[in-house]
*Asks:* 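Take a look at this one; I'll ask things after.
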Amino acid sequence: MAVLKKVKASTLMETMVATVLIVVIFSVASLIMNSLTVAQSNANTNPVAQHLSKLRYAYKNQQITIPYVEDWKDWEISVSKVAETGTWIRFNATHQDSKKTVTSYLNSYEQTQGASGNAQ
């Protein structure tokens, strides 16, 4: 039979303090991880940038006309000509909640020249 060693026991108060400390530490760690995850997902604009790239492709292939307006997920997307130059097309996406904006441009002069150059 194995020899049983006597283990010094903790008091109830020590056990309660240790439990509270562990719960507090894990709660704070959980809140930090949650806020980091939410901030990372809000900062990620790759899906809307990819959608704008698809719209640029559709415009180059005459699948959409200007002006173009669309609601995509939580984003308001618009495609319009830049008034100052008239040769640039602006692809603009604005998030409805955070008002974050993602914009890209396309030179319509190069696009039309490229299309006519391929036809020859």
Side-chain angles (χ1 to χ4, degrees):
M1 196 165 170
V3 178
L4 298 175
K5 293 184 180 179
K6 196 169 190 179
V7 178
K8 183 180 175 188
S10 300
T11 64
L12 181 60
M13 191 57 140
E14 290 172 344
T15 307
M16 294 296 287
V17 169
T19 303
V20 168
L21 285 175
I22 290 172
V23 168
V24 167
I25 289 171
F26 279 114
S27 297
V28 169
S30 175
L31 291 172
I32 290 172
M33 290 296 293
N34 186 30
S35 67
L36 287 174
T37 304
V38 168
Q40 179 65 26
S41 66
N42 286 343
N44 188 8
T45 58
N46 288 340
V48 73
Q50 184 178 16
H51 189 70
L52 288 179
S53 179
K54 289 178 185 178
L55 289 176
R56 286 172 56 129
Y57 179 81
Y59 174 75
K60 285 181 181 179
N61 293 299
Q62 289 88 28
Q63 295 174 351
I64 62 172
T65 58
I66 295 178
Y68 178 81
V69 178
E70 174 186 13
D71 283 336
W72 182 75
K73 296 188 179 179
D74 289 339
W75 295 84
E76 295 175 0
I77 298 176
S78 64
V79 180
S80 61
K81 286 191 177 186
V82 178
E84 297 85 33
T85 63
T87 60
W88 288 93
I89 307 299
R90 177 179 29 225
F91 296 82
N92 190 25
T94 305
H95 196 268
Q96 294 172 351
D97 297 333
S98 66
K99 303 300 182 201
K100 183 181 287 190
T101 302
V102 177
T103 304
S104 65
Y105 292 91
L106 175 68
N107 191 339
S108 64
Y109 179 74
E110 292 175 2
Q111 186 264 331
T112 56
Q113 291 297 336
S116 64
N118 292 335
Q120 293 177 356

*Asks:* Calculate, to the nearest 0.5 Å, the distance between atoms NZ and CZ belonging to K54 and F91 respectively.
*Replies:* 14.5 Å
*Asks:* Please write out which residues are connected to V23 in a hydrophobic cluster, directly or through intermediates, given that two of Ile, Leu, Val, Met, Phe, Trp, Tyr count as joined at side-chain heavy-atom separations below 4.5 angstrom.
*Replies:* none
*Asks:* List, one per line, each side-chain donor-acceptor pair under 3.5 Å for residues 29-39, sequence neighbours excluded.
*Replies:*
residue: S35; atom: OG; partner: L31; partner atom: O; Å: 3.4
residue: S35; atom: OG; partner: I32; partner atom: O; Å: 2.9
residue: T37; atom: OG1; partner: M33; partner atom: O; Å: 2.8

*Asks:* What pairs with Y68 under side chain to side chain donor-acceptor pair (under 3.5 Å), at least two apart in sequence or on another chain?
*Replies:* E70
*Asks:* So, applying side chain to side chain contact (heavy atoms under 4.5 Å, CB included) with T101, which one of T45, V48, N92 is it?
*Replies:* N92
*Asks:* Considering residues at least two apart in sequence or located in another chain, which fulfil the side chain to side chain contact (heavy atoms under 4.5 Å, CB included) criterion with Q40?
*Replies:* none
*Asks:* For residues 71-78, run the donor-acceptor check on the side chains, cut-off 3.5 Å, and write out each pair with its distance to 0.1 Å, sequence neighbours left out.
*Replies:*
none

*Asks:* Can you give me the closest heavy-atom contact between A43 and K100, atom names plus distance?
*Replies:* CA-NZ, 3.5 Å
*Asks:* Using the test side chain to side chain donor-acceptor pair (under 3.5 Å), find all partners of T19 that sit at least two apart in sequence or belong to another chain.
*Replies:* none
*Asks:* In this structure, would I66 and L55 fall into the same cluster of hydrophobic residues linked by side-chain contacts under 4.5 Å?
*Replies:* yes
*Asks:* Where is the tightest heavy-atom contact between R90 and T103, given as atom of each residue plus distance?
*Replies:* CG-CG2, 3.7 Å
*Asks:* Taking all non-hydrogen atoms of both residues, which atom of A93 and which atom of L52 are closest, and how far apart?
*Replies:* CB-CD1, 4.2 Å
*Asks:* Rounded to the nearest 0.5 Å, what's the gap from OH on Y59 to CG on L106? Could you check?
*Replies:* 7.0 Å
*Asks:* Quick check against the 3.5 Å criterion: does N61 have a side-chain atom that pairs as donor or acceptor with the backbone of Q63?
*Replies:* no
